**Student:** 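Got a structure here, written out as structure tokens. Questions coming.
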Amino acid sequence: MSRRRSPAAAGALGIVVILLATLSAFFLDSLPIIGAGATYKAEFSEAAGLKSTNEVRIAGVKVGQVTAVELEGDRVVVSFQVKDAWVGDNTSASIQIKTILGQKYLALDPSGADSLDPDDRIPLERTVAPYDVIEAFSSAADTLGDIDTEQLA
């Protein structure tokens, strides 16, 4: 005796399949085969407020996003994805301020003769963290403290 499925069960299964397909469409750009881009790493002396999901830019154009910011010994390792952009083996990176409220982005200056191998990191010598305002004020306070006010008067 053959058993027939109820139309309600088939309809529910169809709705679940449609919902899963719709939901996966939002994450297609994260899949490596479809086009998440290559993942690279750069070493910084400090994170300076950079966090995952911040933008990666080349010449002011968004080309990817930061995927992770991790402490590794005495340095910070920033992982990021770049899509549809060339990253050379002599590329430099810097953390830049995007907004007056302090949002940051990772700026790349691609250079070199060959493409950067995703297994190689951008070394600390070719990265720059933004100028620390607190450190600047501390240095200014020390300098002002060393001024001989009697001689200045």
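The figures that follow rest on heavy atoms only: side chains count, while hydrogens, waters and symmetry mates do not. As the structure is a prediction and not an experimental result, all values here were calculated from the model.
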**Student:** Suppose we screen for side chain to side chain donor-acceptor pair (under 3.5 Å). Which residues come up paired with Thr91, at least two apart in sequence or across chains?
**Tutor:**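 Once residues adjacent in sequence are excluded, Thr91 has no partner under the side chain to side chain donor-acceptor pair (under 3.5 Å) criterion.
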**Student:** So do the side chains of Phe80 and Leu50 get within less than 4.5 Å of each other, counting heavy atoms only?
**Tutor:**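 A side-chain contact under 4.5 Å is absent here.
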**Student:** Return each pair, listed once, that meets side-chain hydrogen bond (donor to acceptor under 3.5 Å, both in side chains) where at least one residue sits in residues 60-69; pairs must be two or more places apart or across chains.
**Tutor:**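 Matches after skipping sequence neighbours: none remain.
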**Student:** Give me the atom names and distance for the closest heavy-atom approach of Val66 to Val56.
**Tutor:**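 Closest approach of Val66 to Val56: N-CG2, 3.8 Å.
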**Student:** Following the transitive rule for hydrophobic clusters with a side-chain heavy-atom cut-off under 4.5 Å over Ile, Leu, Val, Met, Phe, Trp and Tyr, establish whether Val128 and Val69 coincide in one cluster.
**Tutor:**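 Different clusters: Val128 never reaches Val69 through Ile, Leu, Val, Met, Phe, Trp or Tyr contacts under 4.5 Å.
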**Student:** Kindly write out the residues that satisfy side chain to side chain donor-acceptor pair (under 3.5 Å) with Ser45, not counting sequence neighbours, or none if the list is empty.
**Tutor:**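 Once residues adjacent in sequence are excluded, Ser45 has no partner under the side chain to side chain donor-acceptor pair (under 3.5 Å) criterion.
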**Student:** Which value, rounded to the nearest 0.5 Å, describes the distance between Trp86 atom CH2 and Ser115 atom OG?
**Tutor:**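 Rounded to the nearest 0.5 Å, the CH2-OG separation comes out at 6.0 Å.
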**Student:** What residues, two or more places apart in sequence or in another chain, satisfy salt bridge (charged side-chain N to carboxylate O under 4.0 Å, His left out) together with Arg121?
**Tutor:**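 Salt bridge (charged side-chain N to carboxylate O under 4.0 Å, His left out) list for Arg121, sorted by chain: Glu43, Glu72.
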**Student:** Go through the structure and list residues passing salt bridge (charged side-chain N to carboxylate O under 4.0 Å, His left out) with Lys98, not counting sequence neighbours.
**Tutor:**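 Here the qualifying residues are Glu55.
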**Student:** So how far is it from Leu71 CG to Phe44 CZ, rounded to the nearest 0.5 Å?
**Tutor:**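 CZ of Phe44 is found 14.5 Å from CG of Leu71.
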**Student:** If I take atom CD1 from residue Ile95 and atom CG from residue Asn54, how far apart are they, to the nearest 0.5 angstrom?
**Tutor:**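 One gets 9.0 Å once the value is rounded to the nearest 0.5 Å.
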**Student:** Do Ile122 and Tyr40 have side chains that get closer than 4.5 Å, going by heavy atoms?
**Tutor:**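 Sidechains of Tyr40 and Ile122: no contact.
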**Student:** What heavy-atom pair brings Val76 and Ala47 nearest, and what distance separates the two atoms?
**Tutor:**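 In this case the closest contact between Val76 and Ala47 is CG2-N, 3.7 Å.
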**Student:** May I have the list of side-chain donor-acceptor pairs in residues 103-113 shorter than 3.5 Å, sequence neighbours left out?
**Tutor:**
| unit_1 | atom_1 | unit_2 | atom_2 | d |
| --- | --- | --- | --- | --- |
| Lys104 | NZ | Ala48 | O | 3.2 |
| Lys104 | NZ | Gly102 | O | 3.2 |
| Ser111 | OG | Asn90 | O | 2.9 |

